[in-house]
Amino acid sequence: MADNLRNSRERYGKVAQWLHWIMAFLILATYIAIYYRAWFTEPRTPPSSMALQIHMSLGFYLFTLVILRLIWKLTNNSPDPVAGPAWQQASARWTHRLFYVFLLLMPITGYIFAGLGNEFFYNTPIAFELIPKFSDTQAFQAIVVNGFGISDEAWRNAREPFKDFHVIVGGIVLVALFVLHIGAALYHQYVLRDGTLHRMTRQD
Ligand code: HEM
Ligand code: HEM
């Protein structure tokens, strides 16, 4: 395998770099779609529903990508931490870990509370046409109905915490992590000028 595909001790390899930037772009698009819906459309109109379809479809692409990215990360050595105080290295490490955790949980909670299936996915590839409503799945029967004894009707209220998680983590926690992460990247680039950004952009 060409060795610049993998991470080295000094920088991320091509695979991690491409996954990073493709996901950053898709995350931005996911947010634009859902806030366009919230701020600029009337409920239950075609533009509102189209914006939600785009949000959900992009969310599923992100889910697939974050799993691939996690597998790649866990089967590769990560570059050495950027030189700096221990608290900065720890906060970078934890920001990155939390991104992985929340980017996995966001699509899962979204799918669980949205209560929508394949009829609602926009322009998605064949695999996604098979996505059923959560309440039509065997997992729903096994966990929610048999495990917790929650009926189909009671589920409408019981799923609220998943929505709260999705809206609070997506609207506040992740946004704070983005500010921290992008702020740190710009600080390294323009104040410290230590080439940290190049670890995610260059191969030389
Ligand atoms: C990484 C992926 C995702 C991110 C970052 C994300 C983020 C968000 C955010 C920030 C909101 C709140 C918008 C507001 O306050 O009005 C939201 C709402 C929503 N999301 Fe996601 N989401 C993701 C994936 C998904 C997926 C996969 C689904 C469904 C399959 C989904 C379904 C929804 C729905 C239905 C709402 C509207 C909630 C409401 O009506 O208040 N999301 N999402
Ligand atoms: C908004 C979505 C973003 C997410 C979810 C994200 C996530 C991550 C994650 C998880 C890592 C650790 C590497 C890995 O595990 O693959 C990382 C590294 C990095 N990101 Fe981002 N990132 C985003 C946007 C950005 C932006 C806009 C910039 C630049 C302004 C940036 C600059 C960097 C740099 C320089 C590194 C390498 C840090 C190091 O070497 O320790 N990221 N990012």
Side-chain angles (χ1 to χ4, degrees), residues 7 11-12 15-41 43 48 51-74 76 78-116 134 159-201:
N7 303 335
R11 52 145 186 78
Y12 289 93
V15 174
Q17 290 185 350
W18 276 97
L19 284 168
H20 176 269
W21 294 111
I22 290 170
M23 282 185 62
F25 173 77
L26 286 180
I27 289 169
L28 181 66
T30 304
Y31 273 85
I32 291 175
I34 203 66
Y35 283 113
Y36 172 79
R37 173 178 188 256
W39 294 337
F40 300 109
T41 66
S48 154
L52 183 58
Q53 284 176 319
I54 294 175
H55 175 78
M56 291 174 37
S57 304
L58 292 176
F60 267 107
Y61 290 117
L62 280 166
F63 186 56
T64 318
L65 287 172
V66 77
I67 291 173
L68 291 177
R69 189 166 166 187
L70 198 56
I71 294 172
W72 186 254
K73 188 178 176 68
L74 296 176
N76 266 264
S78 292
D80 290 339
V82 174
W87 68 267
Q88 281 183 9
Q89 294 183 340
S91 71
R93 193 164 58 243
W94 278 99
T95 306
H96 299 164
R97 284 181 185 162
L98 289 177
F99 273 142
Y100 279 97
V101 171
F102 290 135
L103 289 174
L104 274 173
L105 290 177
M106 289 302 291
I108 295 174
T109 51
Y111 172 67
I112 289 179
F113 88 79
L116 298 164
F134 178 57
R159 70 188 183 187
E160 279 300 309
F162 292 94
K163 177 172 173 176
D164 295 342
F165 180 97
H166 193 85
V167 172
I168 292 169
V169 170
I172 299 171
V173 181
L174 267 174
V175 173
L177 290 175
F178 293 143
V179 170
L180 200 68
H181 181 71
I182 296 169
L186 298 177
Y187 176 70
H188 278 278
Q189 177 70 4
Y190 294 109
V191 181
L192 301 179
R193 297 172 195 267
D194 60 3
T196 299
L197 188 60
H198 297 156
R199 287 157 60 95
M200 228 357 139
T201 53

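- Gln189 places no side-chain N or O within donor-acceptor distance of the main-chain N or O of Thr196, the cut-off being under 3.5 Å.
- In Arg97, the CZ atom is crowded: over 12 heavy atoms of neighbouring residues, nucleotides or ligands sit closer than 6.0 Å.
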Please output the side-chain donor-acceptor pairs of residues 176-185 that fall under 3.5 Å, not counting sequence neighbours, one pair per line with the distance.
none

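- Here the side chain of Trp21 pairs a donor or acceptor atom with the backbone of Met200 at under 3.5 angstrom.
- Screening Ile67, Leu104, Ile27 for a side-chain contact (heavy atoms from CB on, under 4.5 Å) with Leu62, the sole residue that qualifies is Ile27.
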Working note: His20 + Tyr12, criterion ring pair (Phe, Tyr, Trp, His ring centres under 6.0 Å); need CA distance, chi angles, decisive distance, verdict. CA-CA 10 Å; His20 176 269; Tyr12 289 93; 7.9 Å; no
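- In this structure the side chain of Val169 never reaches within 4.5 angstrom of the side chain of Leu105, judged on heavy atoms.
- No side-chain heavy atom of Val66 sits less than 4.5 Å from a side-chain heavy atom of Phe99.
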What verdict does the side-chain contact (heavy atoms from CB on, under 4.5 Å) test give for Thr30 and Tyr61, after you've listed the backbone C-alpha separation in whole Å, the side-chain angles of each residue and the deciding distance to 0.1 Å? CA-CA 10 Å; Thr30 304; Tyr61 290 117; over 6 Å; no
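- No side-chain heavy atom of His55 sits less than 4.5 Å from a side-chain heavy atom of Arg37.
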Let's go through Arg159 and Phe134 carefully: what are the C-alpha distance in whole Å and the side-chain angles of both, what is the deciding distance for side-chain contact (heavy atoms from CB on, under 4.5 Å) to 0.1 Å, and is it a yes or a no? CA-CA 11 Å; Arg159 70 188 183 187; Phe134 178 57; over 6 Å; no
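- Atom OG of Ser48 sits about 9.5 Å away from atom OH of Tyr36, to the nearest 0.5 Å.
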What do the steps show when you test Phe60 against Tyr111 for side-chain contact (heavy atoms from CB on, under 4.5 Å), and what is the final call? CA-CA 9 Å; Phe60 267 107; Tyr111 172 67; 3.7 Å; yes
Go through the steps to decide whether Leu103 and Met23 satisfy the test side-chain contact (heavy atoms from CB on, under 4.5 Å), and finish with yes or no. CA-CA 10 Å; Leu103 289 174; Met23 282 185 62; 4.0 Å; yes
